[in-house]
Amino acid sequence: MAIKKIGVLTSGGDAPGMNAAIRAVVRTALNRGLEVVAVYGGYDGLINGDIRPMNLRSVSNIINRGGTMLYSARSPEFRTEAGMQKAISQCLKHDIEGLVVIGGDGSFRGAQDLTRRGFPCIGIPGTIDNDISCCEHTIGYDTALNTCMDLCDKLRDTMASHGRCSVVEVMGRHAGYIALNVGIAIGATGIVVPEVEFDFDRDVIQRIEQARATGKNDFIIVVAEGIGRVEEMAKEIQKRTGIDTRASILGHVQRGGTPTLYDRVLASRMGAYAVQLLLDGKSNRVVAEQNGNLVDFDIEEALAMKKTLDMDLYNMALEISI
Ligand code: ADP
């Protein structure tokens, strides 16, 4: 029997473009004759029954806004049996027959647990870290890249004016995609990512010295969050090279802001695609983008995939930045 009513929620770390995905889910579903409810506050909202009906106008004027209008949460309770039971009884109470979960890998594990209990879920990758292996671009990644690039450009102006070195920490706990791409885009002298074994002398000091020997006198080293220690590195660079060095941790400003065109279009496509999957009777799938096309994978299969950093890109970046 065809489904009649679906829900949508955002979970885990927020990402710019999540609103565009919510909008697409709600509008696609309504325009195809489904009822749609929004769950506010991630899995916590599902447990507590913070569930509200949506109409075409509920999602007006959000496509251009960062964050998520449905709020997000990290819900330890959802991972308990009691929490899961409460979530399921809320779905039954509200006649929700399918759920679109917009979030990262943790959120997809939760969606998988729900599906296993007989509750069809579809995951949409919304995370700025781009750490969903089956998906080339996750929602929010492009915006975060552009935000980081702008912030580093600003730092560069002052570094160049004073002949300083800047060590900048960008987001990416386990993935160096932001660090690598931002590093290329801003011409960083050094790029430090979790995927490559880190050697402070080789990757930082020697590169600064090499660039300085050819006449460069301001430097930016981009470091992924997973490596961290930027304050310590800045002190050590100053001690070893005599260059006035500052550390900057960009932090949560990288998450926010107006989503880029790319993220809005990607999120819109993924939202529509997710609803179609539910209409086709599919469940436990993650929507992904590959070579510009949307595809979908079993959640378990998607979570087991390993994403590797493009080492040719990394080596090219190092070659052209001195
Ligand atoms: P993200 O989705 O951005 O990776 P989290 O890892 O914080 O963010 O996950 C978001 C929520 O998903 C968690 O608060 C929890 O409720 C749920 N979740 C995370 N991991 C699991 C898991 N292994 N099993 C079930 N639910 C999970």
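We count ligands from 1, going down the list as the structure has it; atoms in each ligand are counted the same way. Below, each value reflects all heavy atoms present in this structure, side chains not excepted, and no hydrogens, waters or symmetry copies. Remember, it's a predicted structure, so these values are computed and weren't measured experimentally.
Protein neighbours of ligand 1 below 4.0 Å, counting non-hydrogen atoms: Ser11, Gly12, Gly13, Tyr43, Arg74, Ser75, Phe78, Arg79, Gly104, Asp105, Gly106, Ser107, Arg109, Gly110, Asp113.
With no hydrogens or angles considered, a side-chain donor-acceptor pair links Thr260 and Asp142 at under 3.5 Å.
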Please tabulate, one pair per line, all N/O donor-acceptor pairs under 3.5 Å involving side-chain atoms of residues 158-166, not counting sequence neighbours.
| residue | atom | partner | partner atom | Å |
| --- | --- | --- | --- | --- |
| Ser161 | OG | Asp157 | O | 2.8 |
| Arg164 | NE | Asp244 | OD2 | 3.1 |

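Scanning for ring pair (Phe, Tyr, Trp, His ring centres under 6.0 Å) contacts around His137 gives Tyr262, with sequence neighbours left out. The salt bridge (charged side-chain N to carboxylate O under 4.0 Å, His left out) test applied to Glu81 returns Arg117, not counting sequence neighbours.
Taking the ring centre of Tyr177 as origin, the terminal cationic atom of Lys307 falls inside the region bounded by 6.0 Å and 45° from the ring axis.
The closest donor-acceptor contact from the side chain of Thr189 to the backbone of Ile208 lies at 3.5 Å or more, if one exists at all.
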